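These notes concern the structure reproduced below.
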Amino acid sequence: MDANIVLLPGDGIGPEIVTQGQRVLEAIASRFGHNFVMSEHPIGGNAIDDFGDPLPQATIDACKASDAILLGAVGGPKWDDPAAKTRPEAGLLKIRQELQLFANLRPIQTWDELVDASPLKTEIVAGTDILFFRELTGGVYFGDSGRREHSSGEEAYCEMVYSTGEIERIVRLAAEAARGRQGRVTSVDKANVLEVSRLWRQVAERVMKEEYPDVEYDVVLVDAMAMHLIARPKTFDVVVTGNLFGDILTDAASMLPGSLGLLPSASLGSDGPGLYEPIHGSAPDIAGRGIANPLATFLAAAMLLRHSLKLNEEASVIEAAVAATLKAGHRTADIASGGSSISTSEMGDLVVAQISG
Ligand code: NAD
């Protein structure tokens, strides 16, 4: 296969982990006979420094012309001045908008080798394997908002809006994914209170019943879901929800495996390239020291192969290589629990060696 992959290293540890991610993709290309053309483009704080813009037009053009995008992270104290005209994070929001990336996928999987790192009891978290679909371009984050006069001073409002089409497209993506997993979708809403959730539930139920009768489907209220995620995370397969609920639930769920350095995510649109990244930030406290954990970036690269390039076997090879490397006892400092640790590039060497056989 020929594929054009854009690399957006970004700031802080971004360049360190994306360099290793590129090596992993090269190892896959070489093992399976693919031709991945990879090109680097600026985004975030470094792009502000060099071009006065966190997302230069040339980066947007390169992303739009690509098959898939692998991002490191953006941001850092250097660009934190509240009076600054623009911020690195604006680049991230803009690329999601430009590419119409309406679905954020976040797999939450515990690793047997690291289950002790979870703040929850092993018997509760071991075996957890959830795939979240969070709607990313609608809901209360994008509705009309503002302030107006009020007898007590002023009042503020934010509208939560979802249309039939917005709900249908994300529910379909979730249902399609469930078919390749355990075949179960849980939709999370607040239909006992919010009108927008009542439409969400009505549309989700129709899509699931009419188009995916083979996929098991249930509905959970968001407040109950907060509880179930902590009490019985293993009982969920695919979870689909709106922007606000997804934001909060996925962050809570990211604590189940116990380590930020192992969690990837994908942002997808209807067509065009997907954007893949680790969920962690630019970790300025450890940037430049060569100790960042690159595994979340490798798992993001696996998602890129699976979702954008439809290379399932290749994706599984990366996931198996990460699992084998952890099983062999190799750890970067963040997951070493005080034991001996290896560097970012040594972790890259080991995973590349596993892939290359
Ligand atoms: P962070 O995720 O960067 O770091 C939190 C802690 O986790 C730090 O101690 C860090 O050293 C550690 N950590 C994170 N990733 C790691 C890795 N791969 N290996 C080892 N340790 C790792 O969160 P933060 O400190 O709140 O944010 C730092 C900057 O990143 C901020 O400017 C923030 O706005 C930005 N940020 C960017 C993104 C993104 O680009 N998608 C996401 C979150 C935060």
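Small disclaimer: the values here were computed from a predicted structure and weren't measured. This chain uses plain numbering: 1 for the first residue, then up along the sequence. We count ligands from 1, going down the list as the structure has it; atoms in each ligand are counted the same way.
Legend: residues meeting side chain to side chain contact (heavy atoms under 4.5 Å, CB included) with P284, ordered by chain and number and at least two apart, are P77, S282. Residues satisfying the side chain to side chain contact (heavy atoms under 4.5 Å, CB included) criterion with D50, sequence neighbours excluded, are absent altogether. Residues meeting the side chain to side chain contact (heavy atoms under 4.5 Å, CB included) test with N312, sequence neighbours left out: R306.
Sparse packing is recorded around CD of Q100, with 12 or fewer heavy atoms of other residues, nucleotides or ligands lying under 6.0 Å away.
Checked for salt-bridge contact, E166 and R172 miss the test: no charged N lies under 4.0 Å from a carboxylate O.
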Worksheet item: Given the rule in the side chain to side chain contact (heavy atoms under 4.5 Å, CB included) test, do V203 and V171 qualify, once you have shown the distances and angles that lead to the verdict?
Response: CA-CA 9 Å; V203 172; V171 170; 5.9 Å; no
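For ligand 1, the protein residues within 4.0 angstrom (heavy atoms only) are I13, A73, V74, G75, G76, E89, L92, L260, E277, H280, G281, S282, A283, P284, D285, I286, A292, N293, D334.
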